[in-house]
Amino acid sequence: MDLKGRDFLTLKDFSPEEILYLVELAADLKKKKKAGIPVDTLRGRNVALIFEKTSTRTRCSFEVAAHDLGMGCTYLDPKSSQIGKKESIADTARVLCTMFDGIEYRGYGQEIVEELAKYSDVPVWNGLTNEYHPTQMLADLLTIREQFGDHKGKKLAYLGDARYNTGNSLMILCTKMGMHFAAGAPKKYHPDPALVAACDEYARVSGGSILITEDAAEAVKDADIIYTDVWVSMGEPDEIWEERIRDLSPYKVTKELMGKAKESAIFLHCLPAFHDLKTSTAKEKGEQYGITEMEVTDEVFEGSQSRVFEEAGNRMHTIKAVMAATLGFSTI
Ligand code: CP
Ligand code: NVA
């Protein structure tokens with residue numbers, strides 16, 4: 001499998017074999033890290049990490065993975081570079097690729113990361129856009145495979161805003177990989193019909209399927225994986241909180257809803273999660289709207305079926321695999 005020089009912008013661009021290769025490479029790199037075997041054959045290379053939105057997992061994963069692979073990395077935060085204000089994406093791309101061997105971008109529209117890739121002659125990795133979150137998907141697939149041994153034929157139910165980055169990307173992942181994807185959400189949060197049509201075609205080839213329903217119970221019936229994400233994503237306006245809470249409350253992942261899935265089902269969440277009042281945002285919104293949790297109850301989040309922290313840890317190994325594969329690392 002040769003992915004050297006490829007961008008990693010959306011899973012739409014990757015075949016099921018390539019996706020599986022990246023996840024298997026990540027599993028191997030994880031095993032080596034745990035055994036204390038260094039894989040630092042990218043010594044002397046450097047990567048740039050552009051974050052126009054905030055991050056804990058994705059930034060730390062890129063930084064730790066870069067260090068582990070022997071690379072240097074430079075973090076450009078949402079405020080302190082020239083990007084977008086005094087310098088266009090096309091100019092930024094042409095500057096950065098004179099200095100760096102790869103560029104990560106987290107920000108707003110997918111067209112921005114596409115533009116960056118167009119003008120860069122080094123690999124560009126999507127660390128989250130409004131539309132897609134492809135590195136998250138590899139960590140999710142690794143977590144699912146670690147849990148169940150295989151992913152094929154498993155049913156993943158996604159509850160909440162099913163037309164944004166995480167929901168879109170899960171639908172692509174599942175349909176490409178021969179899994180059954182179900183989204184439970186009010187109609188106005190259903191994914192773009194054009195993306196559903198593309199995913200229907202992936203499912204036809206892979207043996208997967210898609211169910212999009214307004215009925216949360218129908219979505220989670222017999223599911224192997226229950227997945228949710230925040231109801232208000234980064235960059236969305238403050239005014240929408242009230243409407244989101246009203247619209248999405250019937251889709252909150254509760255113990256009762258988990259009970260409708262398979263007994264062996266696991267709970268996943270890309271994180272960060274609004275499951276208690278221990279953050280400043282949660283406290284503020286909790287007081288404002290009289291709630292103590294949003295997309296998932298604390299009971300489920302902290303419960304025995306939850307694999308959210310294993311999933312978070314897998315971000316690093318899978319991001320390492322993406323950088324290693326696209327930069328053409330060698331194990332020698
Ligand atoms: N899941 C995820 O992308 O987390 P961060 O926003 O912390 O990077
Ligand atoms: N939908 C979320 C994902 C966070 C990892 C957001 O865009 O904020």
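Being a predicted model, the structure only gives us computed values, none of them experimental. One-based numbering, in listed order, for ligands and for the atoms of each.
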Participant: Looking at Phe274, I'd like to know if the NZ or CZ of Lys285 sits under 6.0 Å from its six-membered ring centre while staying within 45 degrees of the ring's axis.
Facilitator: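 Cation-pi check for Lys285 and Phe274: fails.
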Participant: When you look for heavy atoms under 4.0 Å from ligand 2, do you find them on the side chain of Leu128, its backbone, both, or neither?
Facilitator: side chain
Participant: Give the residue and atom name of whichever protein heavy atom lies nearest to atom 6 (O) of ligand 1, and the separation in Å to one decimal.
Facilitator: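 The protein heavy atom lying closest is Arg106 NH1, 2.8 Å.
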Participant: Are any of the side-chain heavy atoms of Met171 and Lys176 separated by less than 4.5 Å?
Facilitator: no
Participant: With a 4.0 Å cut-off on heavy atoms, is Arg59 touching ligand 1?
Facilitator: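 Judged by the 4.0 Å heavy-atom criterion, Arg59 does not count as contacting ligand 1.
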Participant: Suppose we measure from atom 8 (O) of ligand 2 to each protein heavy atom; which comes out shortest, and what is that distance?
Facilitator: Met234 N, 2.8 Å
Participant: Knowing that exactly one of Glu310, Glu24, Glu146 qualifies, which makes a salt bridge (charged side-chain N to carboxylate O under 4.0 Å, His left out) with Lys30?
Facilitator: Glu146
Participant: So which protein heavy atom does atom 3 (C) of ligand 2 come closest to, and at what separation?
Facilitator: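 That would be Asp229 OD2, 3.5 Å.
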Participant: Using a 4.0 Å cut-off to any heavy atom of Leu271, which atoms of ligand 2 qualify?
Facilitator: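 It comes down to these atoms of ligand 2: 5 (C).
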Participant: Taking N or O atoms only and a 3.5 Å limit, does Asn165 qualify as a polar contact for ligand 2?
Facilitator: yes
Participant: Could you work out, for atom 1 (N) of ligand 1, the closest of Ser55, Cys270, Ala312, Ser233 by heavy-atom distance?
Facilitator: Cys270
Participant: Side chain to side chain donor-acceptor pair (under 3.5 Å) for Glu295 and Tyr251? Distances and angles first, verdict last.
Facilitator: CA-CA 7 Å; Glu295 69 275 9; Tyr251 302 87; over 6 Å; no
Participant: Output yes when the distance from some N or O of ligand 2 to some N or O of Ser233 is under 3.5 Å, and no in every other case.
Facilitator: yes
Participant: Near Arg57, which atoms of ligand 1 are under 4.0 Å from a heavy atom of that residue?
Facilitator: 1 (N), 2 (C), 4 (O), 5 (P), 7 (O), 8 (O)
Participant: When you measure from the heavy atoms of Lys53 to every atom of ligand 1, does any distance fall below 4.0 Å?
Facilitator: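 Per 4.0 Å heavy-atom rule, Lys53 does not contact ligand 1.
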Participant: Please could you name the atoms of ligand 1 that Thr56 approaches to less than 4.0 Å, counting only its heavy atoms?
Facilitator: 5 (P), 7 (O), 8 (O)
Participant: Treating Asn165 as the side-chain partner and Thr129 as the backbone partner, does any N or O pair qualify as donor plus acceptor under 3.5 Å?
Facilitator: yes
Participant: Among all protein heavy atoms in this structure, tell me which lies nearest to atom 2 (C) of ligand 1, with the distance rounded to 0.1 Å.
Facilitator: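 Sorting protein heavy atoms by distance from atom 2 (C) of ligand 1 puts Arg315 NH1, 3.2 Å first.
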Participant: Restricting to pairs with a member in residues 54-66, which pass side chain to side chain donor-acceptor pair (under 3.5 Å), not counting sequence neighbours?
Facilitator: Thr58-Arg106, Thr58-Arg315, Arg59-Glu63
Participant: Going by side chain to side chain donor-acceptor pair (under 3.5 Å), Asn126 matches just one of Glu131, Glu104, Gln110, His133. Which one?
Facilitator: Gln110
Participant: Checking Asp247 against Arg244 for the salt bridge (charged side-chain N to carboxylate O under 4.0 Å, His left out) test, could you report, in this order, the C-alpha distance in whole Å, the side-chain angles of both residues, the deciding distance, and whether it holds?
Facilitator: CA-CA 5 Å; Asp247 291 346; Arg244 287 290 161 83; 5.7 Å; no
Participant: Cationic tip of Arg45 within the cone over Phe100's six-membered ring, i.e. under 6.0 Å and within 45° of the normal?
Facilitator: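 Because its charged atom misses either the 6.0 Å distance or the 45° angle limit, Arg45 does not stack over Phe100.
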Participant: Taking 4.0 angstrom as the limit and counting only heavy atoms of Leu271, give me the atoms of ligand 1 inside it, by number and element.
Facilitator: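 Numbered from 1, ligand 1 contributes 1 (N), 2 (C), 4 (O).
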Participant: Under 4.0 Å from a heavy atom of Thr58: give me the atoms of ligand 1 that qualify, with their elements.
Facilitator: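 Under 4.0 Å from Thr58, ligand 1 has these atoms: 2 (C), 3 (O), 5 (P), 8 (O).
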Participant: I want to check a possible cation-pi pair here: Lys155 against Phe181, using under 6.0 Å from ring centre and within 45° of the ring axis as the test.
Facilitator: no
Participant: Can you tell me if Asp161 contacts ligand 2 (heavy atom of the residue under 4.0 Å from the ligand)?
Facilitator: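 It does not; every heavy atom stays at 4.0 Å or beyond.
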